[in-house]
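Since the structure comes first, as structure tokens, the remarks are kept for the end.
Indexing begins at 1, ligand by ligand and atom by atom, following the structure's order. Because only heavy atoms are used, hydrogens play no part in the values below, and waters and symmetry mates are left out as well, while side chains stay in.
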Amino acid sequence: MKTLTITRPDDWHLHVRNGAILKTVLPHTARQFARAIIMPNLKPPVTTVSQALAYREEILNALPVGVTFTPLMTLYLTASTPISEIKKAADAEHVYAFKLYPAGATTNSDSGVADIEAIYPLLTALEEQDIPLLIHGEVPDQACDIFDRERVFIEASLSKIVNNFPNLRIVLEHVTTIEAVQFVNASGNNIAATITPQHLLYNRNAILAGGIRPHYYCLPILKRERHRLALLEAATSGNPKFFLGTDSAPHLTTLKETTCGCAGCYSAHAALELYATAFETANALDKLEGFASFFGADFYRLPRNTETVTLTRSTWTIPSTYGDPENIITPVNAGEELHWQLQ
Ligand code: NCD
Ligand code: ZN
């Protein structure tokens, strides 16, 4: 039987929510990943160190007995974040980054930043304190075509941020385009990117061809095939600027299968298996460990994990749903076969 053993990976971009959904989704992540960067876009958002520490406790309390998993907390950057909170975060043991959502760009981003240049003093503070800034890189402009929003953000905002704050450590989250890959490649070592499993495996046909499939709808939206190929090349290149971030974003099935469905793909149920599937298509399984287990830890200046996980080449079918009857979640590629399974 074919197996693949790698250092236990980490997930550098994850939504686990709170309350009942947290209890359903957290075990899926914790069985694979040692650590995860936890997104702060709760309702209300996690904007202070004390809220982040309370959220961290809630996550730790939701872990199944005997499972080791470390949540790495982030704060939601707003126009009214005080500089003092940035200093506090720099000194806080469990806070690792700030997240910048352009206001209105994605799920729970209403408290995000409407005018990025107006928060430059906050970016100065992040640069001085050497705290990574994680960016949802899309313009929220309703007049901009949804498939162009990442490219336009890079041209209009990100390039200015990078020029004005040359030492700011930035992760361009869940990149989806050739332009993003080129931008990250052309930038200094302080600029990195996460890549999701769905953007490595699927193009926009998965959402729209032969019927509308809401469980493949996330933001930034899946793009054309040539973009997927550029992402696959970046992920499997061995370039440490690109690392694993699932952006697993659970929503109740009822809120996705409706007139106006939420953005977010749930992938935590099989994240590592999905990445292995993508890497195998590129004949690059030997590159999975760096992408999944080394490069993110190096960027965040955390020790690499020492334990290992093993994937086996065996076929299984992804369940159609997860969760209890009141909290049903439909995973990405529900009902499909996968040919890698975590032991
Ligand atoms: C995320 C969510 O549901 O919180 N949705 C998504 O489509 N990716 C938010 C985000 O990361 O953009
Ligand atoms: Zn996300």
Side-chain angles (χ1 to χ4, degrees), residues 10-19 21-22 24-26 29 33 36-47 55 59 71-77 96-113 132-140 146-147 149-150 153 158 170-177 180 192-202 204 206-207 213-223 231 243-258 260-269 271 274 296 327 329-332:
D10 303 302
D11 185 349
W12 301 100
H13 183 128
L14 177 68
H15 302 265
V16 288
R17 317 300 187 199
N18 49 5
I21 289 192
L22 170 64
T24 296
V25 302
L26 188 65
T29 287
F33 298 103
I37 283 278
I38 306 294
M39 287 295 135
N41 63 333
L42 301 183
K43 286 187 234 170
V46 178
T47 56
Y55 184 28
I59 294 168
L72 309 173
M73 308 312 293
T74 64
L75 300 191
Y76 192 120
L77 192 67
Y96 290 87
F98 274 79
K99 178 73 187 278
L100 169 60
Y101 290 100
T106 187
T107 305
N108 298 347
S109 65
D110 336 331
S111 311
V113 175
L133 176 67
L134 317 182
I135 302 183
H136 183 108
E138 286 192 288
V139 285
I146 189 165
F147 293 99
R149 288 181 186 182
E150 183 175 277
F153 179 86
L158 185 59
I170 295 175
V171 184
L172 184 57
E173 298 292 337
H174 40 51
V175 288
T176 65
T177 57
T194 52
I195 308 182
T196 79
Q198 67 267 22
H199 291 100
L200 293 176
L201 285 166
Y202 309 111
R204 61 194 195 174
I207 321 170
R213 277 182 281 269
H215 301 294
Y216 292 84
Y217 172 62
C218 67
L219 291 173
I221 197 162
L222 296 175
K223 305 293 193 300
L231 297 169
F243 46 83
L244 185 157
T246 61
D247 193 23
S248 177
H251 291 277
L252 295 183
T253 299
T254 47
L255 297 179
K256 285 195 64 79
E257 297 176 4
T258 180
C260 182
C262 295
C265 293
Y266 183 63
S267 61
H269 62 295
L274 292 166
N327 294 288
I329 293 163
T330 304
V332 75

Classify the ring geometry of H136 against H174: parallel below 30°, tilted from 30° to 60°, perpendicular beyond 60°.
perpendicular

Heavy-atom contacts with H15 under 4.0 Å: which atoms of ligand 1 show up? List them by number with element.
1 (C), 2 (C), 4 (O), 9 (C), 10 (C), 11 (O)

Looking at the Zn ion (ligand 2), is one of the N, O or S atoms of D247 less than 2.8 Å from it?
yes

Checking contacts here: is it the side chain or the backbone of N108 that comes within 4.0 Å of ligand 1, counting heavy atoms only? Could be both or neither.
neither

Taking backbone and side chain together, does H13 place any N/O/S atom at a distance below 2.8 Å from the Zn ion (ligand 2)?
yes

So which bit of R17 gets within less than 4.0 Å of ligand 1, heavy atoms only: side chain, backbone, both or neither?
side chain

Starting from atom 8 (N) of ligand 1, locate the nearest protein heavy atom and write down its residue, its atom name and how far away it is, to 0.1 Å.
D247 OD2, 2.7 Å

Which of the numbered atoms in ligand 1 are below 4.0 angstrom from a heavy atom of L219?
6 (C), 7 (O), 8 (N), 12 (O)

Just checking: H15, one of its N/O/S atoms, less than 2.8 Å away from the Zn ion (ligand 2), yes or no?
yes

Just which atoms of ligand 1 are under 4.0 Å from any heavy atom in T107?
2 (C), 3 (O), 4 (O), 5 (N)

Atom indices of ligand 1 within 4.0 angstrom of H13 heavy atoms, with elements:
11 (O)

From the list L72, V171, D247, side-chain contact (heavy atoms from CB on, under 4.5 Å) partner of W12 resolves to L72

Which residue and heavy atom of the protein sit nearest atom 10 (C) of ligand 1, plus the separation
T106 OG1, 3.4 Å

Can you tell me if M39 contacts ligand 1 (heavy atom of the residue under 4.0 Å from the ligand)?
no

Between K256 (side chain) and G261 (backbone), is there a donor-acceptor pair under 3.5 Å?
no

Output yes when the distance from some N or O of ligand 1 to some N or O of C218 is under 3.5 Å, and no in every other case.
no

Between F153 and I135, does the side-chain contact (heavy atoms from CB on, under 4.5 Å) criterion hold? Intermediate values first, please.
CA-CA 10 Å; F153 179 86; I135 302 183; 3.7 Å; yes

Hey, does A263 come in under 3.5 Å of ligand 1, counting only N/O atoms on both sides?
yes

For the 3.5 Å polar cut-off, considering only N or O atoms, please tell me whether A249 and ligand 1 meet it.
no

